[in-house]
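Below, read A as the first sequence line, B as the second, and so on, with proteins coming before strands; counting in each chain starts at 1. As the structure is a prediction and not an experimental result, all values here were calculated from the model.
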Number of protein chains: 2
Amino acid sequence: MPSNPLEDQFADIMAVLPRISRLGSSLNRGELVQRALESSGVNLDRPSMTVLMSLRMADGPLRIGEIARRMEVAGPHVTRLVHELERRGLAKRVQDPDDKRARLVELTPAGADAAAGYLHGILGWFGEALAGWSADDLSTLGALLSRLIDDLSAHAARTANPADGR
Amino acid sequence: MPSNPLEDQFADIMAVLPRISRLGSSLNRGELVQRALESSGVNLDRPSMTVLMSLRMADGPLRIGEIARRMEVAGPHVTRLVHELERRGLAKRVQDPDDKRARLVELTPAGADAAAGYLHGILGWFGEALAGWSADDLSTLGALLSRLIDDLSAHAARTANPADGR
DNA sequence: TATTGTTATACTCTATAACTATA
DNA sequence: TATAGTTATAGAGTATAACAATA
C-alpha cells in the first residue's frame, strides 16, 4: 500500500535531511559550543566568537562585508559585533589603504588567544567523540558533504528568485 | 613549519565541521525553506511548520512534551505554537485517555494538506539538486551521518555537566 | 550612480520562572 | 513529591530601512 509515493521515491533524501538539520542545530546552539566558549577564556557570545573564528581562518585581515558574507548574515549585524570586539580589545579596525570607504578587521593578540582556546575546546571534544573513526571514513564523509553542499548551492543559484538581488 | 599542531592533527575534522554548521544554518533559515513554506498553501512560520512535520512523521498523535523533545526546544514554546495551529484549524488537541494531565495533538485534514505541500516542495527541490547522486552515495552519506550523530550524542552524554538535569 | 559601512529599529525564535492540575 | 501543560516575561540573534562617505 504505497500511500506516500513521494516519500517512497525520495526515501534516501528523507533519511538524510532531518539528520543534517538536527545536527546543524545541535552544533549551532548546543552545550558543546557553550563549553568551548568558556574554554576560550573570554566571555563572548556565539556570533562574536564566529567573527573571531572567521578572522582566525582567513589568510589576513577581512572587510566587514567579507565577514558578513562568510557568516551568511547581514552587514549591520557584523558592524555591531566588531565594535564590541574592538571595545574589548579582541579585534581592531584599520583603514583599507585601497578604499577609504572600507575598513579591515584583524585579530589582536588577545583575540587570537581567545580563538585558539575556543578551537582547542572544539577540536579536543570532537577528537574524543570521533576517536573510533578511521581516516578513510572521515575523509569520505568530508568529500560527500562537500559535494552535497556544492550541489545544493548550485541548485539554489539556479532556482534563486531573480527579483532578489542575491 | 607546523605552527598549528592541533589543526594539523584534526585536519579532517576541521574540514567537516564548518561545513555541517553552515549547511545546518542554510537549511534552517535559508530561502529554500521559505519557498517550501509558500508551497504549503498556508502562511506559516518555520517553527509552526516544524510542529506539523513532527506530527506528519509520527505514527500517531503526539503529546506536547514529545513534540518539544523531537524539536529539541523547551515545552512552553510548543504550547504556543500548537495553540496557534489549533486556532488556524491545522491541528487539534484531545485529552489523553490515559493521563488527564496530558493532551494529544493531531493533524486536521487541512494540517495534513499543508504538511504534504511543504514536504512536496522540499523533496522536489532536493530531488532536483541531488539528481546526479547514485543511490549508493546517498546511502553512504546517510550511514556516515547517522554514525556521526550517534557518536556525537554519546560523547555529549558522557561529557554532560551532571549539574544539568539533562 | 553604485558601494561600504553605520545607526536605529523591529522582528523571529527560544528560554526561564511561576503556576495549575493531575499523578 | 513529581510530572504535563500553561501563562507571562525575557533574552539571543538577525534583518530591514535610512543614511553618510567614498568610489
Side-chain angles (χ1 to χ4, degrees), chain A residues 21-22 24-31 33-34 37 43-51 54 61-87 91-105 163-166, chain B residues 21-22 24-31 33-34 37 43-54 61-87 91-105 163-166:
Chain A
S21 179
R22 187 168 146 242
S25 299
S26 297
L27 288 184
N28 285 333
R29 54 175 222 252
E31 188 181 345
V33 171
Q34 185 57 44
L37 283 169
N43 189 19
L44 279 183
D45 53 26
R46 288 149 204 254
S48 296
M49 183 57 79
T50 305
V51 172
S54 298
L62 295 178
R63 289 179 164 199
I64 295 277
E66 178 61 21
I67 297 172
R69 200 188 59 74
R70 296 188 184 205
M71 290 177 65
E72 297 185 315
V73 298
H77 189 39
V78 175
T79 292
R80 267 205 334 287
L81 295 173
V82 167
H83 278 203
E84 178 65 11
L85 289 172
E86 191 168 37
R87 192 189 66 73
K92 67 180 170 189
R93 290 177 309 165
V94 300
Q95 277 272 345
D96 184 333
D98 300 336
D99 185 340
K100 285 180 189 164
R101 295 171 302 181
R103 280 137 184 71
L104 292 173
V105 186
D164 297 1
R166 319 176 55 177
Chain B
S21 179
R22 189 168 145 242
S25 299
S26 296
L27 288 183
N28 286 332
R29 55 174 222 252
E31 187 181 344
V33 172
Q34 186 55 46
L37 282 169
N43 189 18
L44 278 183
D45 54 24
R46 288 149 204 255
S48 296
M49 184 56 79
T50 305
V51 172
L52 291 189
M53 290 307 295
S54 298
L62 295 177
R63 290 180 167 201
I64 295 277
E66 178 60 21
I67 297 172
R69 200 188 60 74
R70 297 188 182 203
M71 290 178 65
E72 297 185 316
V73 298
H77 188 40
V78 175
T79 292
R80 268 203 333 287
L81 294 173
V82 167
H83 278 203
E84 178 65 12
L85 288 172
E86 189 168 39
R87 193 189 65 75
K92 67 181 170 187
R93 290 177 308 164
V94 301
Q95 278 271 346
D96 185 333
D98 300 337
D99 184 342
K100 284 181 190 164
R101 297 170 302 178
R103 280 138 184 71
L104 292 173
V105 185
D164 297 0
R166 318 175 56 177

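- Of the candidates C:dA15, D:dA23, D:dT14, D:dA23 carries the atom nearest the A:Lys100 side chain, counting heavy atoms from C-beta on.
- Inter-residue side-chain proximity for A:Pro61 and A:Val105 is flagged as unmet; no heavy-atom pair is nearer than 4.5 Å.
- Between A:Asn28 and A:Val33, the closest side-chain pair of non-hydrogen atoms is not below 4.5 Å.
- Taking atom CG of A:Asp98 as the reference point, atom P of D:dT22 lies 16 Å away to the nearest angstrom.
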Are any protein N/O atoms closer than 3.5 Å to N/O atoms in nucleotides 4-11 of chain C? If there are, list each pair with its distance.
from: C:dG5; atom 1: OP1; to: A:Ile64; atom 2: N; distance (Å): 3.4
from: C:dG5; atom 1: OP1; to: A:Arg103; atom 2: N; distance (Å): 3.4
from: C:dG5; atom 1: OP1; to: A:Arg103; atom 2: O; distance (Å): 3.4
from: C:dG5; atom 1: OP2; to: A:Gly65; atom 2: N; distance (Å): 2.9
from: C:dT6; atom 1: OP1; to: A:His83; atom 2: NE2; distance (Å): 3.4
from: C:dT6; atom 1: OP1; to: A:Arg93; atom 2: NH1; distance (Å): 2.3
from: C:dT6; atom 1: OP2; to: A:Thr79; atom 2: OG1; distance (Å): 2.8

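- As rounded to whole Å, 13 Å separates atom P of D:dA15 from atom CD of B:Gln34.
- Contact annotation for B:Asp96: no contact, since no heavy-atom pair falls under 4.0 Å across all strands.
- Taking atom CD of B:Glu84 as the reference point, atom P of D:dT6 lies 14 Å away to the nearest angstrom.
- Here the P atom of nucleotide D:dT6 and the CG atom of B:Leu81 are 11 Å apart, to the nearest Å.
- Using a 4.0 Å cut-off between charged nitrogen and carboxylate oxygen, A:Asp96 and A:Arg103 do not count as a salt-bridge pair.
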(request) Take B:Glu66 and B:Arg70, measure what salt bridge (charged side-chain N to carboxylate O under 4.0 Å, His left out) needs, and give me the verdict at the end. (result) CA-CA 6 Å; B:Glu66 178 60 21; B:Arg70 297 188 182 203; 2.8 Å; yes

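- Rounded to an integer number of Å, the gap from B:Gln95 CD to D:dG5 P is 11 Å.
- Atom CG of A:Asn28 and atom P of C:dC13 are 15 Å apart (whole Å).
- For the 3.5 Å distance criterion, the side chains of B:Ser48 and B:Asp45 qualify, holding a donor opposite an acceptor.
- Distance CZ (A:Arg46) to P (D:dG11): 17 Å, rounded to an integer number of Å.
- Rounded to whole Å, atom P of D:dA4 lies 14 Å from atom CD1 of B:Ile67.
- For B:Arg29, there are no salt bridge (charged side-chain N to carboxylate O under 4.0 Å, His left out) partners two or more places apart in sequence or in a different chain.
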